[in-house]
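Report on the structure given below.
All values below were derived from every heavy atom in this structure, side-chain atoms included, with hydrogens, water molecules and symmetry-related copies excluded. Each chain gets a letter, A, B and so on, in the order the sequences are listed, and its residues count up from 1.
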Amino acid sequence: MAKYPFESIEKKWQQRWETEKTFRALEDPSIPKEKRRYVLDMFPYPSGAGLHVGHPEGYTATDIYCRFLRMNGYNVLHPMGFDAFGLPAENYAIQTGTHPEVTTMANVDRFRTQIKALGFSYDWDREVSTCTPDYYKWTQWIFLQLFKKGLAYESEMPINWCPSCKTGLANEEVKDGECERCHTKVTRKRIRQWVLKITAYADRLLEGLDRVDWPEPIKLMQRNWIGRSEGASVHFSLPGHKETLEVYTTRPDTLFGATYMVLSPEHPLVPALTTNECKAAVEAYVQEAARKSDLERTDLAKDKTGVFTGSYALNPVTRKEIPVWISDYVLISYGTGAIMGVPAHDERDWDFAKAFGLPIIQVVAAVGETGPFDREPKECTAADGFAVNSGQFDGLPTPEAIKRITVWLEEKGIGKKAVNYKLRDWLFSRQRYWGEPIPVVHCKKCGIVPLDEKDLPLLLPQVTSYTPTGTGESPLANIPEWVNTTCPKCGGPAKRETNTMPQWAGSCWYYLRFLDPNNNKAFVDPGIENYWMPVDLYVGGAEHAVLHLLYSRFWHKVLYDVGAVSTDEPFLRLVNQGMILGEDNQKMSKSRGNVINPDDIINNFGADSMRVYEMFMGPLDVSKPWSTAGLVGVSRFLERAWATSEKPIVQEAASIELVKLLHKTIKKLTHDTNTLNFNTGISQMMIFLNEISKLETIPRSLWEPFVLMLAPYAPHLGEELWEKLGNSESLAYASWPIWEEALTLDEEKEIVIQVNGKIRDRLTVSAGTEDAVLRERALDSPKAKEWIGDKDVVKIIVVRDKLVNIVIK
RNA sequence: GCCGGCAUGGUGAAAUGGCAUACACGGUAGACUCAAAAUCUACUGCCUGCGAAGGCGUGUGGGUUCAAGUCCCACUGCCGGCACCA
């Protein structure tokens with residue numbers, strides 16, 4: 001079998017699609033809402049390394065699905081663009097002096113060429129890059145909306161500081177205590193930052209998850225990330241001080257067991273509470289903690305450390321004085337930055353109390369446990385039970401005790417019910433050049449003043465050096481003529497904000513710009529937004545499970561609140577594609593030398609082989625190793641399809657067996673394509689082709705539907721075969737074949753005869769044979785008789801069209 | 001440590017609680033060929049057996065069921081995420 005001429009075929013059809021704008025999506029009002037679909041890929045960051053074989057996996061999946069939808073009469077929006085701001089281009093600029101825009105645009109061109117070589121049916125008229133002024137004008141506009149709603153604020157806060165990049169990092173850019181990009185150990189530094197108040201949307205981000213069709217594990221990860229907990233805040237008075245110490249606890253029922261308090265080293269009350277005798281030790285500890293990175297703080301925390309402040313707090317229920325300590329196991333960023341130590345019922349508190357010889361009092365007992373409860377418990381338990389050593393609350397089961405003590409605290413005015421989140425506000429500024437400038441100015445007289453919307457975009461100026469200033473400010477701070485400006489409000493002198501936005505900003509809303517990419521009056525026309533939104537299917541890697549998808553949902557909800565979009569959740573259905581591993585079953589990486597380059601595969605086997613192979617490897621959502629040997633099998637399948645098309649295609653009727661196989665194939669492929677189970681769908685096409693390729697002449701009634709079904713998977717070959725059938729129009733909008741249910745059913749069924757669950761015989765009967773008949777025929781089977789022997793038949797199970805199980809004893 | 005996912009032939013994998021291993025790779029044998037490649041055909045889970053046939057088999061151990069890869073319980077291993085969240 002000769003190799004089919006994929007090079008010429010693929011080139012030819014890619015050109016046809018491009019010049020004819022085959023896949024342009026128009027907002028045709030005559031197509032009803034239920035016949036419109038928005039299918040979105042996570043757009044790539046155009047790295048210098050070029051396209052990875054992982055990219056085409058999700059892109060092929062959505063492409064097949066979109067082509068399938070079009071053939072089923074849907075109006076499909078399927079765009080592609082580039083997440084073009086980002087650190088690698090800037091780091092390259094620092095090394096070489098090349099403007100990041102130059103690098104980025106070259107990479108974008110390369111990516112576009114590589115993506116087009118795979119024959120995806122994108123509407124390229126809608127392409128966007130987040131780094132173009134046309135685009136980031138609207139990223140800045142959205143920032144202004146956030147600012148006006150009070151959701152963007154400045155804060156002087158300790159941040160992760162990378163001494164090598166000389167810039168601040170968000171928590172999520174720190175991996176194992178190291179800078180995600182350059183792997184330098186991260187330290188802490190206080191710096192002025194812009195922060196977005198995502199916590200204000202915590203409950204809505206949580207609630208919205210109940211209304212979207214996403215994988216449960218991903219929803220769970222988002223829920224855990226938001227980390228909502230209910231409990232109580234309690235004020236502890238501090239004898240000798242007018243302030244009180246507020247703590248948050250999920251277990252107010254253990255208040256009687258609180259024998260000490262711990263503040264985070266960064267807690268504002270630490271200086272006031274430190275007595276002269278303890279001052280030296282406390283200050284040393286605070287300094288030590290500040291110097292440490294998060295890695296060290298968590299690592300060293302295997303043994304609890306801490307120092308006594310010298311002060312005492314009053315336990316509001318026992319009226320006993322309890323010592324106030326500081327320790328780095330208490331985080332300033334969660335709750336109030338202070339805790340009550342209940343060593344008997346919290347592992348961490350237990351370790352701390354044991355390390356420093358603090359008293360341990362049991363206040364919860366397991367159901368069925370009998371006292372006495374007046375001695376120090378042997379082990380710590382956080383489990384529910386009933387209250388002991390808790391005065392008036394003794395005997396109450398834990399949930400009841402929590403309620404009653406919370407009420408009691410409220411009555412006394414020393415506490416109340418409280419909700420807390422693990423989610424923190426989003427550190428939104430970067431001390432970088434290659435990002436969207438934050439469109440505000442700092443005016444001595446008016447404070448922080450946002451730019452007028454009509455003055456957007458605020459363009460990134462040219463700089464001579466991309467190197468960070470080292471003071472924590474971005475390279476923009478080195479351009480006085482840009483920094484010094486006038487206040488939009490009072491007209492007096494003002495300074496521009498020199499921080500830029502993080503890469504997440506542009507990717508937070510790109511799916512909206514695809515709707516109306518050239519609009520310069522609005523970020524999207526409301527009519528067009530309403531036409532397509534929400535996104536019906538969003539496919540991308542699971543590594544974005546939390547951050548990108550949470551940030552994006554947050555922005556979308558804000559845009560919904562300002563009336564800019566019509567839905568409050570952006571992505572109805574989410575599918576995460578699995579990772580493609582190297583042939584050695586390891587993550588692909590340069591250092592392992594197991595990287596597969598898509599260009600090589602396309603050159604040697606063609607884009608269609610690449611596409612079909614990636615879909616044939618296994619289920620879309622699991623990780624799977626690349627195998628060039630496996631690719632060969634798929635390539636043979638396409639060659640066989642080509643070879644079959646070279647045989648005479650005739651008008652003769654096909655045999656009933658093949659007609660039935662065709663209808664079964666249409667049914668299975670329709671179902672599997674619709675549910676994105678491409679691997680089993682392809683296998684069904686293989687079964688069909690294996691059969692018809694045996695024929696000397698090919699009935700057109702079999703071949704035509706096969707070509708149509710193959711087309712979404714191998715579109716270049718599909719179009720070519722369609723043309724060979726005498727069609728002059730593209731098959732992109734031809735009708736997907738329809739199956740006839742009656743032709744998918746077998747007239748005869750093989751019935752398995754089991755004796756005690758073991759297969760002993762088989763018989764062939766016509767479909768739908770009555771249970772009673774099956775029972776008789778099974779009992780008549782000589783082999784079954786042999787196995788039954790003289791045993792008693794206890795029971796006979798009949799499953800129509802499938803099996804008879806004779807149970808004997 | 002916690003959370004989540006996965007575990008099936010030599011390999012990638014398939015299987016509404018009802019014939020385990022479809023499809024593909026690889027392998028073996030044969031056809032075609034001067035020869036090779038390509039292609040085509042047959043076989044290909046393991047064990048016993050000349051064969052007929054039988055037994056075993058979906059990470060391990062239990063359980064539910066007439067029937068378990070699939071459901072339940074306990075464990076082991078691998079992969080991913082999180083990191084003292086009070």
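A 3.5 Å limit on both hydrogen-bonding distances identifies B:U48 as the Watson-Crick or G-U partner of B:A53. Of the nucleotides present, none pairs with B:U8 by Watson-Crick or G-U wobble criteria with both distances under 3.5 Å. Within the shown strands, B:G27 is the pairing partner of B:C43 under the Watson-Crick or G-U definition, both distances less than 3.5 Å. Pair assignment for B:U65: none, as no Watson-Crick or G-U wobble contacts are both less than 3.5 Å. The nucleotide B:A83 finds no pairing partner, because no Watson-Crick or G-U wobble arrangement with both distances shorter than 3.5 Å includes it. Shown here, B:A13 forms no base pair; nothing in the strands shown gives a Watson-Crick or G-U wobble contact with both key distances under 3.5 Å. Searching all strands for a Watson-Crick or G-U wobble partner of B:C19 with both distances below 3.5 Å returns nothing. Base pairing of B:U60 is made with B:A74, judged by Watson-Crick or G-U wobble geometry with both donor-acceptor distances under 3.5 Å.
Atom CZ of A:R640 is separated from atom C1' of B:A24 by 11 Å (rounded to the nearest Å). Straight-line distance from the CG atom of A:N756 to the P atom of B:A67: 8 Å, rounded to whole Å. One can place NZ of A:K624 at 20 Å from P of B:A24, the figure rounded to the nearest angstrom. When rounded to the nearest whole Å, the span between CH2 of A:W225 and P of B:C2 equals 20 Å. One interatomic measurement links the two molecules: CG of A:L331 to C1' of B:C82, which rounds to 13 Å at whole-angstrom precision. The distance from atom CG of A:N677 to atom P of B:A22 is 19 Å, rounded to the nearest whole Å. Rounded to an integer number of Å, the gap from A:K668 NZ to B:A14 P is 10 Å. At whole-Å resolution of the value, NZ in A:K587 and C1' in B:G80 are 8 Å apart.
Rounded to the nearest Å, the gap between the P atom of B:G10 and that of B:U44 is 15 Å. Using P as the reference atom, B:U16 and B:A7 are 14 Å apart when rounded to the nearest Å. Going from the C1' atom of B:G81 to that of B:G27 covers 40 Å, rounded to whole Å. The separation of B:C19 from B:A68, taken at their C1' atoms, amounts to 14 Å, rounded to a whole angstrom. Comparing the P positions of B:G45 and B:A24 gives an interatomic distance of 15 Å, to the nearest angstrom. A gap of 14 Å separates the P atoms of B:C23 and B:A14, to the nearest Å. Taking atom P in both B:U65 and B:C82, the straight-line distance is 44 Å, to the nearest Å. Separating the P atom of B:A67 from that of B:G18 is a span of 14 Å, rounded to the nearest Å.
Among the heavy atoms of the strands lying under 4.0 Å from A:E750 is at least one base atom, whether or not backbone atoms are also near. Among the protein residues, A:R760 comes within range of the sugar-phosphate backbone only, with heavy atoms under 4.0 Å from sugar or phosphate atoms but none that close to a base. Among the atoms of the strands shown, only primed sugar atoms or phosphate atoms (P, OP1, OP2) are found under 4.0 Å from some heavy atom of A:S229. Counting any heavy atom pair closer than 4.0 Å across all strands shown, A:N805 reaches a base atom. Using a 4.0 Å heavy-atom cutoff across all strands shown, A:K694 reaches sugar-phosphate atoms only and no base atom. Counting any heavy atom pair closer than 4.0 Å across all strands shown, A:I759 reaches sugar-phosphate atoms only and no base atom. Across all strands, A:K783 comes closer than 4.0 Å to no nucleic acid atom at all (heavy-atom distances). Base contact: A:I797 has a heavy atom under 4.0 Å from a base atom.
Checked by atom type and distance alone, the side chain of A:D253 never pairs as donor or acceptor with a backbone atom of A:A387 at under 3.5 Å. Between the side chain of A:D746 and the backbone N or O of A:E748 there is no donor-acceptor pair closer than 3.5 Å.
Applying the 4.0 Å criterion to OP1 and OP2 of B:C23, one finds that A:N679 has every side-chain N and O outside that range. OP1 or OP2 of B:C66 has not a single side-chain nitrogen or oxygen of A:K802 nearer than 4.0 Å. Contact between the side-chain N/O atoms of A:R636 and the OP1/OP2 oxygens of B:G26 is found at a separation under 4.0 Å. Remark: A:T680 is not in phosphate contact with B:A22, judged by side-chain N or O atoms under 4.0 Å from OP1 or OP2.
With distances taken from any side-chain atom of A:N690 to the nucleotides B:G55, B:C23, B:G4, the minimum falls on B:C23.
A salt bridge links A:K660 with A:E747: the distance from a Lys NZ or Arg NE/NH1/NH2 to an Asp or Glu carboxylate oxygen falls below 4.0 Å. Salt-bridge check for A:K304 with A:D349: failed, with every basic side-chain N at 4.0 Å or more from each acidic carboxylate O.
Taking the six-membered ring where tryptophan is involved, the planes of A:W626 and A:Y613 are perpendicular, since the angle between them exceeds 60° and thus also 30°. Using a 30° and 60° split on the angle between ring planes, A:W426 and A:Y551 fall in the parallel class, below 30°. Note: A:F356 and A:F352 have tilted aromatic rings, judged against thresholds of 30 and 60 degrees for the angle between ring planes.
Nearer the 5' end of RNA chain B, as judged by each residue's closest nucleotide, is the contact made by A:M221, out of A:Y334 and A:M221. Take the nearest nucleotide of RNA chain B for A:I687 and for A:V622: the residue whose nucleotide is more 5' is A:V622.
An anti orientation is assigned to B:G12, its glycosidic angle lying beyond 90° of 0.
Donor-acceptor pairing under 3.5 Å is recorded for the side chains of A:Y285 and A:T305.
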